[in-house]
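In what follows, a structure is listed as structure tokens, so that the remarks can point back to it.
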Amino acid sequence: MRRRHTLTRLLAIAALGLPLTLPAAPAAAAPTVGTRQLSDVIPVPVESHPDAQSAFRLGPLTVIRTAPGSLAAWQVGRQLAATLRPATGYPLPVLPVRSTPLPEIALVLGATDARVGQEGYQLDVTRRGVTIRANTPAGLFAGTQTLRQLLPAQIEASNRQRITWTVPGGRIVDYPRFAYRAAMLDLARHFHTVDEITAYVDLLSQYKINYLHLHLTDDQGWRIQIDSWPRLTTVGGGPGTGVDGVGPGFLTKADYKAVVAYAAARHITIVPEIDMPGHTNAAQSTYAELNCDGVAPAPRTDMAVGYSSLCIDDELTYRFVEDVIRELAEITPGPFLHIGGDEAHATTDEDYRTFVERVLPLVSKYGKRASGWNEIMRVDPSTDVVAQFWGTGTTNADLARAAARGNKVIMSPANKSYLDMKYDPSTRLGLQWAAYIEVRDAYGWDPAHRVAGVGEDAILGVEAPLWSETLRSLDDIEYMAFPRLPAIAELGWSTAASHDWESFRVRLGAQAPRWRLQEVNFYPSPQVPWI
Ligand code: NGO
């Protein structure tokens with residue numbers, strides 16, 4: 001059993017400057033895994049200035065000191081302590097005070113390098129301690145994720161490790177290239193539970209991902225409670241739904257709020273998606289009145305796409321859509337609401353335009369900013385609407401026109417960033433319609449040079465979608481996401497100039513001991529020198 005030290009006792013002892021009776025540092029330290037440099041971080045920091053003389057040793061007396069008066073900073077400090085305590089066995093009290101006589105990890109708000117902005121941070125490591133400075137709690141959190149990677153990999157162990165906890169000395173100044181760095185999880189093809197989603201959030205947050213897009217509805221299942229249309233979940237998300245009839249389930253509103261809160265605590269914003277006017281068979285097979293002929297089609301558990309369409313001329317369709325958007329907006333604190341819009345092959349072009357033009361104002365009416373798959377740019381929406389590119393080519397006239405007008409674009413090219421694509425022909429899970437995507441392919445592209453006419457200024461960010469036709473468990477999710485997700489995360493955060501496969505593959509290989517300790521089921525790509 002580890003010893004417990006109450007905050008008040010530690011505060012009192014620290015204030016008196018008295019020595020603490022704490023677990024002693026291990027006598028014979030085991031070697032750490034590999035030698036870490038200050039820049040051995042994914043995503044690679046914008047600037048790192050190593051100073052070999054100023055390494056810090058995290059020890060039993062180290063305290064985590066947070067900006068006084070900031071509950072949010074204190075929470076980041078508590079999360080950091082919770083991350084570092086199991087493996088170190090140190091008490092790491094979190095003290096919201098101005099100074100302590102003890103070695104410390106200080107989380108300071110303000111007084112940063114001017115460039116760090118809203119999500120960046122500056123991290124200084126000296127012999128006396130580590131100081132992370134940021135303008136926001138999100139920046140402090142990002143800094144703590146860097147610190148975590150700068151510690152020996154054993155820091156991820158769930159029980160006490162007898163090693164020396166050295167942090168390489170020097171200064172890092174770091175901030176993101178793009179404001180939007182996302183992953184997407186498909187809950188419709190196979191449902192994934194709150195525990196699975198939050199476990200994924202934990203992994204994402206280590207790589208400075210700041211949005212999680214949830215694909216909540218599709219032909220095979222409806223996965224979010226909507227009170228005004230209750231059968232959407234009891235039937236549309238009920239037994240027998242999902243690909244092959246396996247993978248039923250749905251998020252109640254309480255579940256969804258729990259996911260939102262869990263993600264928010266890790267500085268990740270949830271983007272909910274209701275896919276329409278196609279990909280709607282789960283809703284239309286549940287409510288016959290959502291079909292033009294009033295006849296409910298059979299539920300579908302196959303993987304076909306492009307056959308369903310809401311009834312565009314029926315006012316009831318818009319009542320339904322408005323109810324769904326209103327209820328979803330009410331439980332979504334984040335700015336975005338994704339309306340899908342992909343593969344509406346069963347909707348005529350004219351109907352598609354009518355539909356999108358009626359639905360976009362509903363999103364604004366409930367205070368949200370609409371995003372949608374790139375097809376929605378066919379209707380030339382207002383410039384606050386965000387397009388998510390999922391094509392495999394390098395030209396798209398609608399998207400280039402939108403970018404020229406001022407619409408922002410999220411880049412998720414299916415042949416580069418789709419985490420559900422197989423790595424190679426031998427991958428058991430996944431699909432291959434867009435490409436085989438090995439790690440080098442996932443890393444080897446530039447979001448600002450992917451689609452002609454859609455340059456740096458038009459890019460809001462990047463996303464790594466994970467569609468779940470073939471994925472059932474968290475193990476499956478992890479196998480497809482790791483190690484490609486960190487590749488996409490680096491494209492979203494790090495500068496274009498820092499892009500370097502040789503550097504990335506070595507840093508990626510050094511993540512493996514961490515994943516093993518976290519029990520992440522990753523694909524051991526032969527392209528990576530795994531440690
Ligand atoms: C496509 C399709 C999805 C599939 C996915 C599988 C988009 C935007 N629509 O991507 O329905 O699940 O491919 O890779």
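Note that ligands are numbered from 1 as they come in the structure, with each ligand's atoms numbered from 1 the same way.
Heavy-atom neighbours of E289 CD from other residues, nucleotides or ligands within 6.0 Å: above the threshold of 12.
Under a 4.0 Å heavy-atom criterion, Q388 is not in contact with ligand 1.
Against a heavy-atom cut-off of under 4.0 Å, L431 is close to the following atoms of ligand 1: 6 (C), 14 (O). Within the listing of ligand 1, atoms 4 (C), 6 (C), 12 (O) sit less than 4.0 angstrom from a heavy atom of E469. Under a 4.0 Å criterion applied to the non-hydrogen atoms of E343, ligand 1 contributes the atoms 2 (C), 3 (C), 9 (N), 11 (O). Using a 4.0 Å cut-off to heavy atoms of M421, the atoms of ligand 1 that qualify are 14 (O).
Going from atom NZ of K408 over to atom CG of L460 covers 7.5 Å, rounded to the nearest 0.5 Å.
Ranking the protein heavy atoms by distance from atom 14 (O) of ligand 1 puts D420 OD2, 2.6 Å first. In terms of protein heavy-atom proximity, atom 9 (N) of ligand 1 is nearest to D342 OD2, 2.7 Å. The closest protein non-hydrogen atom to atom 10 (O) of ligand 1 is Y418 OH, 2.8 Å. In terms of protein heavy atoms, atom 1 (C) of ligand 1 is closest to W390 CZ3, 3.5 Å. At the shortest separation from atom 11 (O) of ligand 1 among protein heavy atoms lies R189 NH2, 2.9 Å.
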Report task. Evaluate the ring-ring contact (aromatic ring centres under 6.0 Å, His included) criterion for residues Y287 and F320: first the C-alpha distance (whole Å), next the side-chain angles of each, then the deciding distance (0.1 Å), finally the verdict. Result -> CA-CA 10 Å; Y287 284 101; F320 165 73; 7.3 Å; no
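Geometric assessment of R378 against the ring of Y352 yields a positive cation-pi assignment under the 6.0 Å and 45° thresholds.
Evaluation of the side-chain hydrogen bond (donor to acceptor under 3.5 Å, both in side chains) rule for R505 yields E502 as partners, not counting sequence neighbours. Listed by chain and residue number, E327 satisfy the side-chain hydrogen bond (donor to acceptor under 3.5 Å, both in side chains) test with S228 (two or more places apart in sequence, or in another chain).
Checked against a 3.5 angstrom limit, the closest N/O atoms of D218 and ligand 1 fall outside it.
Partner of H279 under the side chain to side chain contact (heavy atoms under 4.5 Å, CB included) criterion, out of V305, T217, I274: V305 alone.
In this pair, F522 and W530 present their aromatic rings tilted. The plane angle is within the 30 to 60° band.
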